[in-house]
Structure formats: C-alpha cells, structure tokens
There are 2 protein chains.
Amino acid sequence: MITSSTHPILTPQQIAELQRLLGSEKVLILPEERLVYSYDGSKQRSLPAAVAMPTATEDIVKTLQFAAEQKIPVYPRGAGTSLTGAAVPVYGGIVLTFTKMNRIVRIDADNLTATVEPGVITEELKQAALRHNLYYPPDPASAEFSTIGGNVAAGAGGLRGLKYGVTGDYVLSLEVVRMGGELLHFGAETMKSVTGYDVVKLLVGSEGTLAVFSQIILRLVPRPPCVTTILAVFDDDVTALETALKIVQKPLMPAALEFMDASAVDCAYRFTKKPFLNNVKGLLLIDFDGVRSQVEEDARVARELCLAANARHMIDASVDQEQKALWDIRRSLSPALYQLAPSKINQDICVPRSTMLQVLREIKELSARYQLTTVVFAHAGDGNFHVNFMFDEANRDEANRVDAAVRELFTLAIQHHGTLSGEHGIGTTKAPYLPIEYGKNEIALMRQLKAVWDPDNLLNPGKIFFSSDIP
Amino acid sequence: MITSSTHPILTPQQIAELQRLLGSEKVLILPEERLVYSYDGSKQRSLPAAVAMPTATEDIVKTLQFAAEQKIPVYPRGAGTSLTGAAVPVYGGIVLTFTKMNRIVRIDADNLTATVEPGVITEELKQAALRHNLYYPPDPASAEFSTIGGNVAAGAGGLRGLKYGVTGDYVLSLEVVRMGGELLHFGAETMKSVTGYDVVKLLVGSEGTLAVFSQIILRLVPRPPCVTTILAVFDDDVTALETALKIVQKPLMPAALEFMDASAVDCAYRFTKKPFLNNVKGLLLIDFDGVRSQVEEDARVARELCLAANARHMIDASVDQEQKALWDIRRSLSPALYQLAPSKINQDICVPRSTMLQVLREIKELSARYQLTTVVFAHAGDGNFHVNFMFDEANRDEANRVDAAVRELFTLAIQHHGTLSGEHGIGTTKAPYLPIEYGKNEIALMRQLKAVWDPDNLLNPGKIFFSSDIP
C-alpha cells in the first residue's frame, strides 16, 4: 500500500541509480524542473521526486524494473492536459514523460495505419496523415497540445465522436511495459483481430494505471474530400439544442455538432469580440464532411432546420481558413472562461440524447439554486455536456456550493441513464464519485483487473479509485 | 483444475437440485435432448450432463451459484454456429442455452439503441431495427441463425466490417452474471463513457469464458437510404482481388467487398447453376450504401475499375430482391463447399491489406504443396481471408496434411503481420496455435484476467487456452 507519506522523495542512492540506468541527461531532479511536472489541467498539484525522460522503450523497461524493485510509484504523463488529475504524481515518485519519445515511426498509406511513439502530439499526427491524404479523426479539443499516448490512456473523445467515434476506435495494437519491466504486445496491425481477449481495449482509457505505452499502432481513414462548416446563432439556448437534436434525428450525420449555451456564447463574445456573437443566447457549430454532393445536401437540410428554428444568423465556411476562424470560437472557450472567475470545474457528463433538453433545464435549475456561474457547452450529437462551474477557490462558501453542485450533477446524469464521464475520465477529481455510477462489486472487479497488472499499486496510484489501496 | 474426466456427468442429486432451482421444465436431461447441445459449427462433440434454459436473469444467477458451489463447468451457448468449438461443452457439465431469453426488450429510436436478451437472433434484431428505420450493421454470415449473445461473445465480424466495424463497435452496455452468481453491469446507455476500465470491450470476444451475458444494449445507426450491389466476375482470381484492393485504395468505402477465388466460384456455380458463374475464375460482390448521389457515384467508379481489369461480366442490383439473389451466392458458399469433400476446416486469418495478393499466392502454393482442395474467399476490405481446407477425415494421410497446412497458414499470417483470427475466435480448434501469435507473457496475462472472473476455471473451460489449467 502506498500512502501519501510513503514516498515523498527518492533517496540520493535511488536518484543516483536511476541516473546510472538511464543516463543523467534523461533524469530531471532540480526543483524547478520537477515543478513543471507537478500538475495538469485539473490544477491539482504534487511534486515528483524525479522526472524520467525515456528516449526508447528500453528506458521505460529499465525505469519500471527499478521502480518495481524499489517500490517507487511511477506516473506516466502525456502533455498534462488531463482535466481530472490523471497526470498528477499524487504520491510523488517518478514522473515518466514522453517528450523525447515523439516520433511518428511510420505512416502506412496502403494499410491505413500509423505507428507512433506515445509522445507524438495529436495535431502533428493529424497533419502527417493529411500529407498522405489520410485522416486521423479523433479530435480532442486539446489536440494541438495533447499527446497520442495521453489520448489513448484517457480514452479521449472530442468534437468528431458522433460520426467517427473516439480514440479507442482507432487503436489497433499496443506495445506496453508493465510495472516490473515486462514488455508486452497486444492487438494486431490488421483491421480486425479476435485472438484472445481484447486487451488493447482494456488498456484504452485505463488512465495509465495498468501499463505504460511504448508504441501505438493506429488506424487511419481516407481524408474526406470535402468539409463544410455552419455556424448558427439563436435567441435562446434551448432552441439551439433542440435544433441540434432535430439535425441528428433527421437523420443527418454531422462530423461535429457543437452546442454553446447563453453564458458560453457571451464568454466567447467577450473574448473574440466577433460582432455576430453579440447578445446571442445559443450557438451551434456544425461540420459536415464527405463527398461534395452529400455534404452540400446535408448542409442545406441543416440550414433549413436552423432557419425553421428562427436562427438569428448563419455563417457558412467551405474554405479551410474560414472554417478555422469559426472553430477558433469554440476552441477559445476554455481560456475565455477564466474571464468569469479564477477557478473552473469542468465536468463532462454524457447522457442519452433524448434526455439532453431536460438535463440542460435541470443544470440551469441546479446552477440557479446553488447561485453559481455555470457555462455549458456540449458535443450535442453524443449527448456529452461540458458543465463548467466557475468560482473563486478563495471563497470557501462558493467552493462548497460547487462541490455540492458537482455531486448533484453526477446524480442527475445517472438518473437519466448517463455516465460520469464521456471523455475526461475519472483521475483523482472524480474518483470519489465512482460509486455513483458503479456498484461495489463492479468496482471490486475493476480493482482486481488493476491488481493483475500492477499488484503493488505503483503505476499511477491514486487514480480512478478513491483509495489507492487494493482491497 | 478440470480434466475431461472430472465431470463427465452430474449426480442424480445435482440434477434434482438444478431442477428444483430452475423448475424441471427448464432443465433438459434426456440423452436425445442433450445430444442437440453437444456440438457446434466446428463439428467438435462432447455431451453435456444437463442443459439449462433460463427464462430470466434470475435463472442464470441461480445456475451459476449452484455450479460454482458444486464445481460444475458451465458452457454458455448461443445458436452453436461457432466454427472453433467455442460452444462445445468439452468437459461435460451444464450447457446454458438462451433459446428462451430471446426478447428484444426495447428499441429506443430517439437514442439509437436496442436492449436485447442474449438469445435474440441477429437477423431478427436487424429486421426490428429496420421497422424503426434504423440499422444494426454487424452482419456475420450466420446472421439468420446466430444470436446476439453469441455474436458478442465471439466478437463477430462479418460482411460489413470495412465501413461499419464489427459487433464490438456496437456494444454499449452489458448486464452479466459471473460464475458464482454475482450480477454486474458495465458500460452505459450513452454514446460514450470512460468511467473506469472498459470492461465491456474486455467481455466482447471473450468467448463466454469470463461471464454470462444476461442483457445487452447495442448501438444502432440510421438506416442508409440507398443500397446498390455489384457483382463482377473475372477470368482469374488474382485480378479480382487486385481490383478489390484498387477499389479501397481509390479510396471508396464499400459497405461490403467480398472476394471469391476460382474454387469458390466453381463451387457456387455447381450449387446455384447460375449461368454467369460458369467457368469463372474470380468474383467480387460489392455493396455501396448511403445517400443516393454518393452510392451512384461510388458504384460508377467501382464498375470502371472492374471494367479496366477486364471483368468478364457485371450485374447491378438496386432492388432488395435482386440484391438478395446476388448475396445468396455468397451465403450459399458454406453449404456448397461440402460438395467437394465431407470435412472442412475454415480458418479466418486476417492480414494487412497490402499483403493480401502475396498471401493469396502463398496460400495457393501451400495448398498445392500439400495436395489439398482449398477454397478461399475473403472480406477483402478487411484483409480477412477465409481459407477452407476440404478433406475426408477418414483419410488419415489427408487429415494430417491439413493439420500441417493449417499450422503453416497461421505462421504465414503472422509473418505478414497478420492475426490467427479476424472474426471466428480461438475456441478449442485454434487454442494450440495461440502461441504463434502471442508470447508466453501475453498469454499468462490473459489467463490472469480469466482468473479474476472465474478463479476455478468453470466457465467455458477448455477454450482459448490450450490447457485449461490456470497457471
């Protein structure tokens, strides 16, 4: 068992041994270096004793051999964009960062696969695929910063889930290293494989708690020849969401279908100063992609639905640059939110689509009741809300109200047959709430699966499960 | 540990207790009744001591409580269409059949989900979805007989893998019962969920060795408004396969892209007597679906590619009945094969698409070298070959040559970065070959995952792993 006091630091002997094993240039030990690896997008914080920067699989093997022998916790880390604390070294120990394992090993255009090291930035893979006229669809909002390894560990979703699915749908094969240094390969380079258990899919979304990825083979798809973007703004957000639902019920299959509530649009307006966002109360941002004829027809139908819902204004963009400008409104949201308050808790509940209007109303009611500033946006096609409670941590009363609201939000999601997390995962921040969704027997089984991989609970301990003790 | 002699039969007391627990009408014990559940599509055979027919989850719970207490092996069974022995009760015990748990509980057209009991026949779900203008894409060739529970257990693929993926891509949530009777729920009714480990995907393709499914929630998609089918016949099969690969490289995304080699077409000709199959040496059967404009354009391009490859003849079908007639040629293949020889071993290796031509040549060479009658067809878009070795079991020398050829086929698949099984799974028939694809550490880890669920190895023992001993 690891408690927060067991491994606050490594001994000088342990540091020296790690340096000897990897080469001292691959081990960061200065406080100012370690500080950089002490937090993630969740703003949780805990200082690691050392940071290891493997340059090859062999370095990962050595680190995990050493750490297992010495019972030192290891925290694998992508770009630290986790919003749930998944990358925070809560028990100190060694952070394993893949900054120097960021090669795209191969793009196989014949077989539509990409072989990458875990540290590759998602956007760089997307660009590399485009150069082969191929497409890597998963598109977390963090794609310009986050890594493929982190995306796989998180089971990252993103803006294109409805049509294209999520990261896990594109992972064919994984080379991984277990705590203790055992190197394992699961999956195949083929489009299908049912040889033995689907261990690849068990590892996807396991938040770095089961094994460390050293190489990842991903599936690519042909690049869609045509993309069009529609932005539509409305006088109220319920109407905007209603229109989004009508679009998917039609049925159209947009590549992306983003919803922003009144507060979200207001935030974006104040940040971007785009005149067409002024005094707007709801927004949809819609992409269609595919062959031109279908894209044009679908876009026409979607525009009609927006008009029928009295959209105040619509913008069409069929050129890359213009599309990017529209999408920047959405992508600017996360930073823009901090205009409202210094702290943010962003919860990504996912609910059955048919409940979304009711859930939006209940979120508004809940926010009013707790007197909170709440900004809601959603991947509307997936039923995936992002509920941002904005507050000031220094205001203890407000922080308490946020805590209560978060618990109520999760309960509300489960009541509507939803889930705690559509794409951010559990990490540390949602670990206390896991029992709202899963019973003790399900959690016990998940812990037993963890114990198979990492019996001493040394790999990313403190995540997913509230107590890091293996029962 | 279970050996084949441990549980050849249940004691009269055990039978009586099972009858008392479930009601005697749900327990089959007559030899002629048990015989029906002694084999599957693999033609392996082993007589169960009893057959339990649960009508509700509670019956599954009771059976698995009782069997765990009494250390009786339990064999869950769908329709017994497994080609790998996955449904054969190799150590006797109790077969659990879902014939009476075959209700489509709910089709939720708003959320595009179907909730079903495991015994629902796949084709019945497909038809039920169509009545809501929805579509359940996974399409194993056995769809008219096989069950959803069996499909999920097998991780079944089928004809529509390239565009639509496989069964596992449509499973959102599972209610399962563990050996011992514990009832567990994993997954969510939502389009996405990353709460805890993805246990659902671990259960998909686990061949009934981890837990018994009692309820399954599946994702549906909107029904494609338009489908067109093209049949093209060629003077040689290498050209036919080459053309298939050109179609996907174009890139087009057919809903199905089936290849048949010279022997396969010959077989189909002799069975169906369709004049256009006479003296044909290679065949492609292609479906495009989606909106009309795209389907028409894609079909035009595909036809051009076939013509450029000197297709001898092409048939287009845009009407349901005509399409079915063309697809019956493909679906008739399995029975048609038995014209050639009384026994068949059908191996479903899957390889990277770029290696398919070379692999086809090597299969032909291997078949000639072992002097075997071999029929090859393929889901060409997926790289998934079905290699059928036809032989007479009574001819020991021929049977031995088949054994040697099978091993060489698997080795060949792995050399080309392929996999032992694209969709049939491992069962008993491929269990001895598992080490060709996975090393001992990977297999040990899979066995440990099995032990988490079923420490006494009582659930479908003898499958996937060659020896049923848990190490």
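Keep in mind that what you see is a predicted model, and the values were worked out from it rather than measured. The sequence lines fix the lettering, A, B, ..., with proteins before strands; numbering per chain opens at 1.
- Ranked by heavy-atom pairs under 4.5 Å with chain A, the first of B:Gly205, B:Pro222, B:Pro352, B:Pro251 is B:Pro352.
- For the options A:Ser206, A:Gly157, A:Gly161, heavy-atom pairs under 4.5 Å to chain B are most numerous at A:Ser206.
- Taking 4.5 Å as the limit, some side-chain heavy atom of A:Val199 sits within range of a side-chain heavy atom of B:Leu449.
- You'll find the side chain of B:Tyr197 stays beyond 4.5 Å of the side chain of A:Glu207, heavy atoms only.
- Interface remark: B:His424 contributes backbone atoms only to the contact with chain A (heavy atom separation under 4.5 Å).
- Using non-hydrogen atoms only and a strict 4.5 Å limit, the part of residues 430-437 of chain A facing chain B consists of A:Leu434, A:Glu437.
- Under the 3.5 Å distance criterion, with hydrogens and angles disregarded, no donor-acceptor pair is assigned to the side chains of A:Thr190 and B:Thr419.
- For A:Lys192, the salt bridge (Lys or Arg N to Asp or Glu O under 4.0 Å) partners at least two apart in sequence or on another chain are B:Asp382, B:Glu423.
- Side-chain contact check for B:Val194 versus A:Ile426: every heavy-atom pair is 4.5 Å or farther apart.
- Proximity to chain A (any heavy atom under 4.5 Å) is shown, for B:Asn441, by both the backbone and the side chain.
- In this structure, chain A has no heavy atom under 4.5 Å from any part of B:Leu203.
- Looking only at distances, no side-chain donor or acceptor of B:Asp110 sits under 3.5 Å from a matching main-chain atom of A:Ser354.
- With hydrogens and angles ignored, the 3.5 Å screen pairs a side-chain donor or acceptor of B:Glu442 with a backbone N or O of A:His185.
- Most heavy-atom pairs under 4.5 Å with chain B, from the set A:Gly187, A:Ala156, A:Gly165: that is A:Gly187.
- Only the side chain of B:Arg178 comes within less than 4.5 Å of a heavy atom of chain A; its backbone N, CA, C and O stay farther away.
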Exercise for review: List the steps, then state whether side chain to side chain contact (heavy atoms under 4.5 Å, CB included) holds for A:Val351 with B:Glu189.
Suggested key: CA-CA 8 Å; A:Val351 295; B:Glu189 292 179 43; over 6 Å; no
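- The closest side-chain heavy-atom distance from B:Asp198 to A:Val204 is not below 4.5 Å.
- Inter-residue side-chain proximity for A:Glu297 and B:Ser293 is flagged as unmet; no heavy-atom pair is nearer than 4.5 Å.
- The candidate with the highest count of non-hydrogen atom pairs below 4.5 Å against chain B, out of A:Met191, A:Arg292, A:Gln249, is A:Met191.
- Counting heavy atoms from C-beta on, the side chains of A:Tyr438 and B:Leu184 never come closer than 4.5 Å.
- Heavy-atom distances place both the backbone and the side chain of B:Leu420 under 4.5 Å from chain A.
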